[in-house]
Amino acid sequence: MSRDTEDGATSGATAQGFDPKLIEPYIVKDPEALALNVARALENLGKAASTWLAPRERGEIVDPVSQPLTELVKTMSKVAEYWMSDPKRTLEAQGYLLAGMFGAWTRTAQRLAGGESTEPSPPLPNDKRFSDEDWQRNPFFDFLRQVYFIGSEWAERMVRDAEGLDEHTRHKAAFYVRQITAALSPANFVVTNPQVYRETVASHGENLVRGMRMLAEDIAAGGGDLRLRHTDYSKFAVGENMAVTPGKVIAQSDICEILQYEAATGTVLKRPLLIVPPWINKFYILDLNPQKSFIKWCVDQGHTVFAISWVNPDERHSTKDWEAYIREGVDFALETVEKATGETKVNAIGYCVGGTLLSTALALHAKERNKRIASATLFTTQVDFTHAGDLKVFVDEEQLDAMEERMRASGYLEGSKMASAFNMLRASELIWPYFVNNYLKGEEPMPFDLLFWNSDSTRMAAANHSFYLRNCYLDNALSKGRMKIAGKTLSLKDVKIPIYNLATREDHIAPAKSVFVGSSLFGGPVTFVLSGAGHIAGVVNPPGKQKYQYWTGGAPTGAFEDWLEKAKETPGSWWPHWQTWVESLDGKRVPARKVGGGALNAIADAPGTYVLERA
């Protein structure tokens, strides 16, 4: 939770007096109409509940509710045990909370009495959930806001100051506290959110009728689970107005399709470019539309671009493991590139977990003396998971055992589970604002291509996902030189090729510090670059937008903070900087190539068929 003080905003707790006119928008003018619409809203809520219950009664959905709740209770009990095991600590904890609450009440009472508060108001966070002016202007809502932040700060302090907790337990406790406080925000309820309250009064509850109808529709769309809509899905279609860079599918394996894109320049770089995207999401994040497409931009710079499009796995792929994704994915793609171009040397790009897989493949190739990949670019890629962020909350032996048991039953992890985990990392931005907008205000979300892509989730093959979580998040085996693939123990020090390692400053999935630390594990030269923004916006940042910035500096050694302090900041996109780096390795050009090169026939138009399969 941010602790930045509100700039230029005077807290309502210190405002003089109280204007009775402030309550006028909250007075119900037509109780009969409101009662009727509340009844209609409850009817729609009943439909939503029936839609949620039906597949569970039929046994089609089994919710392992006890396991996550047990984790939460067990973790928070350890925090409570510290504060309650000593009466003095218990009194200290209670006193801190009560002092804050009493101060908020005193300030509010003085305002309601028409006077000016003599109780100093503590600085409160600048939080866009509380941007409506009545959160400060109206004493009732101002009191709720103060109490919420006081309680949230108190809960975070209880975790932070509890002694005797191991690092993982403290991390989990802090994460759970953020989830609980995000859910309990007064902004999430009709009568405690001034904007929703006013809308309910003004429309006589019609907003709630619309909202509960949308809730029923979203549960039905999720097949019994809530599929929280983040955008207007009807405005987008893959292959029509998304992922439209011209190209063909020229090869296909059980786990991927290989796309080659049509040249847009008379000459192209001799070395082809192969993109290895994450399979946790679909590849077209790099080809959202012509204005944002990194793939199209690369084609326009003279690259012969190939991309892997991973299958959306089902029970048939349950045994496809990390090695299979290397052999039938990365190596299959390299063979395809050679057949289509005749080139045995390529530049490769790996994004997120696709970069982790690519790094593993490079270490395996070094053992096998496979030199097809001449350079590698890694986007927001972790190879050392020591500082891997909040996703580590979900990974310990007990939780992994429970997940693997569920995956054994189906052969895969449902895409919705991974999507929910990612959304929980930013619950105050990706869950609750949409809950309020959709179901309390009854408003349709705006069209947004990035959020359409974000909702187009994929399943994870059981063997592959289990290997990834255990070897990377749990054991950190790749960074320690202990990961075994094809009977070989891998070391990233064997990887001698040039690496362009891109991190993003606000990344909540692959934290910049984590990416930086991983840079030192490779055996060859590493160019570390830090982009502004987050995991997606920091990567998908075309030069024409003139947004954000990037930092470059010396070798990625020592502490990340020290490197950043000395780094040079450059406004705009890092894409041209990367292009210069690629061309400095080998800038030779050849006549533009035809798709398939005469050796391979087109199977389908880009973006292919695998990407169209929805979870």
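What's counted below: heavy atoms across the whole structure, side chains too, no hydrogens, waters or symmetry copies.
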**Prompt:** Of Arg137, Arg107, Arg111, which meets salt bridge (Lys or Arg N to Asp or Glu O under 4.0 Å) against Asp142?
**Reply:**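 Answer after filtering Arg137, Arg107, Arg111: Arg111.
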
**Message:** By the definition salt bridge (Lys or Arg N to Asp or Glu O under 4.0 Å), identify the one residue from Glu71, Glu167, Glu398 that meets it with Lys172.
**Reply:** Glu71

Distance-only donor-acceptor check, side chains [X] and [Y], under 3.5 Å:
X: Lys441; Y: Gln195; answer: yes
X: Tyr26; Y: Arg198; answer: yes
X: Tyr148; Y: Arg129; answer: yes
X: Asn289; Y: Asp449; answer: yes
X: Tyr197; Y: Asp134; answer: no
X: His168; Y: Asp396; answer: yes

**Item:** For His171, all residues meeting ring-ring contact (aromatic ring centres under 6.0 Å, His included), sequence neighbours excluded
**Value:** none

Are [X] and [Y] in a cation-pi contact, defined as NZ or CZ under 6.0 Å from the six-membered ring centre and within 45° of the axis?
X: Arg89; Y: Tyr82; result: yes
X: Arg227; Y: Tyr233; result: yes
X: Arg56; Y: Trp52; result: yes

Check: [Y] and [X] side chains under 4.5 Å, non-hydrogen atoms:
X: Ile219; Y: Asp225; result: no
X: Met418; Y: Phe422; result: yes
X: Thr381; Y: Val353; result: no
X: Phe283; Y: Pro278; result: no
X: Pro194; Y: Trp135; result: yes
X: Thr200; Y: Leu208; result: yes
X: Leu288; Y: Trp453; result: yes
X: Phe236; Y: Thr231; result: yes

Are [X] and [Y] close enough for a salt bridge, meaning some N to O gap below 4.0 Å?
X: Glu217; Y: Arg229; answer: yes
X: Asp287; Y: Lys292; answer: no
X: Asp127; Y: Arg145; answer: no

Check: [Y] main-chain N/O paired with [X] side-chain donor or acceptor under 3.5 Å:
X: Asn312; Y: Arg459; result: yes
X: Arg40; Y: Ala35; result: no
X: Thr108; Y: Thr106; result: no
X: Lys296; Y: Pro290; result: no
X: Asn193; Y: Ala187; result: yes
X: Ser185; Y: Ala182; result: no
X: Thr458; Y: Trp279; result: yes
X: Gln179; Y: Ala427; result: no
X: Asp232; Y: Met446; result: no
X: Thr51; Y: Ala216; result: no

Let me have the donor-acceptor pairs involving side chains of residues 41-49, under 3.5 Å, with sequence neighbours excluded, atom names and distances please.
{"unit_1": "Asn44", "atom_1": "ND2", "unit_2": "Val209", "atom_2": "O", "d": "3.1"}

Please determine whether the number of non-hydrogen atoms from other residues, nucleotides or ligands lying under 6.0 Å from atom [atom1] of [X] exceeds 12.
X: Lys29; atom1: NZ; answer: yes
X: Lys547; atom1: NZ; answer: no
X: Glu81; atom1: CD; answer: no

Side-chain donor-acceptor pairs of residues 502-509 under 3.5 Å, sequence neighbours excluded:
{"unit_1": "Thr504", "atom_1": "OG1", "unit_2": "Asp507", "atom_2": "OD2", "d": "3.0"}
{"unit_1": "Thr504", "atom_1": "OG1", "unit_2": "Gly534", "atom_2": "O", "d": "3.3"}
{"unit_1": "Asp507", "atom_1": "OD1", "unit_2": "Ile509", "atom_2": "N", "d": "2.8"}
{"unit_1": "Asp507", "atom_1": "OD1", "unit_2": "Ala510", "atom_2": "N", "d": "2.9"}
{"unit_1": "Asp507", "atom_1": "OD1", "unit_2": "His535", "atom_2": "ND1", "d": "3.0"}
{"unit_1": "Asp507", "atom_1": "OD2", "unit_2": "His535", "atom_2": "ND1", "d": "2.8"}

So which heavy atom on [X] is nearest to which on [Y], and how close?
X: Ser531; Y: Trp551; value: C-CZ3, 4.0 Å
X: Ala533; Y: Gly538; value: CB-N, 3.7 Å
X: Ala104; Y: Val147; value: CB-CG2, 4.4 Å
X: Asp161; Y: Trp83; value: CB-CZ2, 3.8 Å
X: Ser457; Y: Ser416; value: OG-N, 4.1 Å

[atom1] of [X] to [atom2] of [Y]: how many Å apart, nearest 0.5 Å?
X: Arg178; Y: Leu425; atom1: CZ; atom2: CG; value: 9.0 Å
X: Tyr351; Y: Ile285; atom1: OH; atom2: CD1; value: 5.5 Å
X: His230; Y: Asn437; atom1: NE2; atom2: CG; value: 11.0 Å
X: Ser514; Y: Gln382; atom1: OG; atom2: CD; value: 3.5 Å
X: Phe394; Y: Met403; atom1: CZ; atom2: CE; value: 8.5 Å
X: Asn126; Y: Ser131; atom1: CG; atom2: OG; value: 9.5 Å

**Message:** Is it the case that the ring center of Tyr550 lies less than 6.0 angstrom away from the ring center of Trp574?
**Reply:**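 For Trp574 and Tyr550, the ring centres are not under 6.0 Å apart.
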
**Request:** Decide if the gap between the ring center of Phe141 and the ring center of Phe130 is smaller than 6.0 angstrom.
**Result:** no

**Message:** So, applying side-chain hydrogen bond (donor to acceptor under 3.5 Å, both in side chains) with Tyr439, which one of Asp218, Asn188, Asn207 is it?
**Reply:**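 Going through the options one by one, the only one that passes is Asp218.
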
**Asked** Would Phe102 and Trp105 count as a ring pair (Phe, Tyr, Trp, His ring centres under 6.0 Å) if you check the C-alpha gap in whole Å, the side-chain angles of each, and the deciding distance to 0.1 Å?
**Response** CA-CA 5 Å; Phe102 183 75; Trp105 172 249; 8.9 Å; no

**Message:** Please evaluate residues Arg210 and Glu444 with respect to the criterion salt bridge (charged side-chain N to carboxylate O under 4.0 Å, His left out), reporting the C-alpha separation (whole Å), side-chain torsions for both, the decisive distance (0.1 Å), and the verdict.
**Reply:** CA-CA 9 Å; Arg210 296 192 305 269; Glu444 288 275 359; over 6 Å; no

**Request:** Would you check, one step at a time, whether the test ring pair (Phe, Tyr, Trp, His ring centres under 6.0 Å) holds for Phe294 with Trp575?
**Result:** CA-CA 9 Å; Phe294 178 76; Trp575 292 9; 5.0 Å; yes

